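To keep things clear, I will list the structure first and then write my remarks on it.
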Amino acid sequence: QVQLVESGGGLVQAGGSLRLSCAASGRTFSSNTMGWFRQAPGKEREFVAGITRSGLNTYYQDSVKGRFTISRDNAKNTVYLQMNSLKPEDTAVYYCATTSSPFVREPDQYHYWGQGTQVTVSS
């Protein structure tokens, strides 16, 4: 089994930055693709960013391209999401998850999820 714990969320002004971390336990972390998702009140959970086990391939939702960067450190069993130029529309609970599926943008392909961390961007 894999356990995931997100951290780094908080309140930030528009234009500011936050760095989210997802700490994983379990031996399967390094062999899996990692994804970040977010869910705002009243909205569906949506894909934000993904990264393959090597870190060589990354994927982003169009609205965050050029602003967010996903990375991972397999030696530390940790994946990161650097969020710059934050907008009020980025306000949501952010979740990390793992998948062995090639369909990295689809939430139902992820078997393990963290509890989430709240990101609030004020105008």
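In this text the structure is predicted, and so the values were computed from the model without any measurement.
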The reported gap from CD in E6 to SG in C96 (rounded to nearest 0.5 angstrom) is 4.0 Å
Could you verify whether a donor N or O on one side chain and an acceptor N or O on the other, from Q109 and T99, lie under 3.5 Å apart?
-> no
Could you give the distance from OH (Y110) to CE (M34), rounded to the nearest 0.5 Å?
-> 8.5 Å
Geometric class of the F37/W113 ring pair [parallel <30°, tilted 30-60°, perpendicular >60°] | tilted
Could you tell me which non-hydrogen atom of I51 sits nearest to which non-hydrogen atom of R72, and how far apart they are?
-> O-NH1, 3.5 Å
CG of L4 to OG1 of T78, rounded to nearest 0.5 Å, is 10.5 Å
Answer yes or no: is there a donor N or O on one side and an acceptor on the other, between the side chain of Q61 and the main chain of F47, under 3.5 Å?
-> yes
Do L86 and V48 belong to the same hydrophobic cluster, where Ile, Leu, Val, Met, Phe, Trp and Tyr are linked whenever their side-chain heavy atoms lie under 4.5 Å apart, directly or via other members?
-> yes
Answer yes or no: is there a donor N or O on one side and an acceptor on the other, between the side chain of Y60 and the main chain of I70, under 3.5 Å?
-> yes
Exam field: side chain T91 to backbone V121, donor-acceptor pair closer than 3.5 Å = yes
Would you say the side chain of W36 lies within less than 4.5 Å of the side chain of V79, judging by non-hydrogen atoms?
-> yes
The reported gap from OH in Y112 to CG in N32 (rounded to nearest 0.5 angstrom) is 8.5 Å
Side chains of residues 12-24: which donor-acceptor pairs under 3.5 Å do they make with residues two or more places apart or in other chains?
from : atom 1 : to  : atom 2 : distance (Å)
S17  : OG     : N84 : OD1    : 2.9

Answer whether the closest heavy-atom distance between the side chains of T69 and Y80 falls below 4.5 Å.
-> no
May I ask you to test the M83-D90 pair for a side-chain heavy-atom distance under 4.5 Å?
-> no
Decide if atom CD of Q115 counts as having more than 12 heavy atoms of other residues, nucleotides or ligands within a radius under 6.0 Å.
-> no
Using modelled atom types only, decide if a donor and an acceptor are shared between the side chain of N74 and the backbone of R53 within a distance under 3.5 Å.
-> yes
Quick one: side chain to side chain donor-acceptor pair (under 3.5 Å) partners of D62, sequence neighbours excluded?
-> K65
Should the pair F68 and Y94 be assigned to parallel (<30°), tilted (30 to 60°) or perpendicular (>60°) ring geometry?
-> tilted
Of all heavy-atom pairs linking A92 and R38, the shortest is CB-CB, 3.8 Å
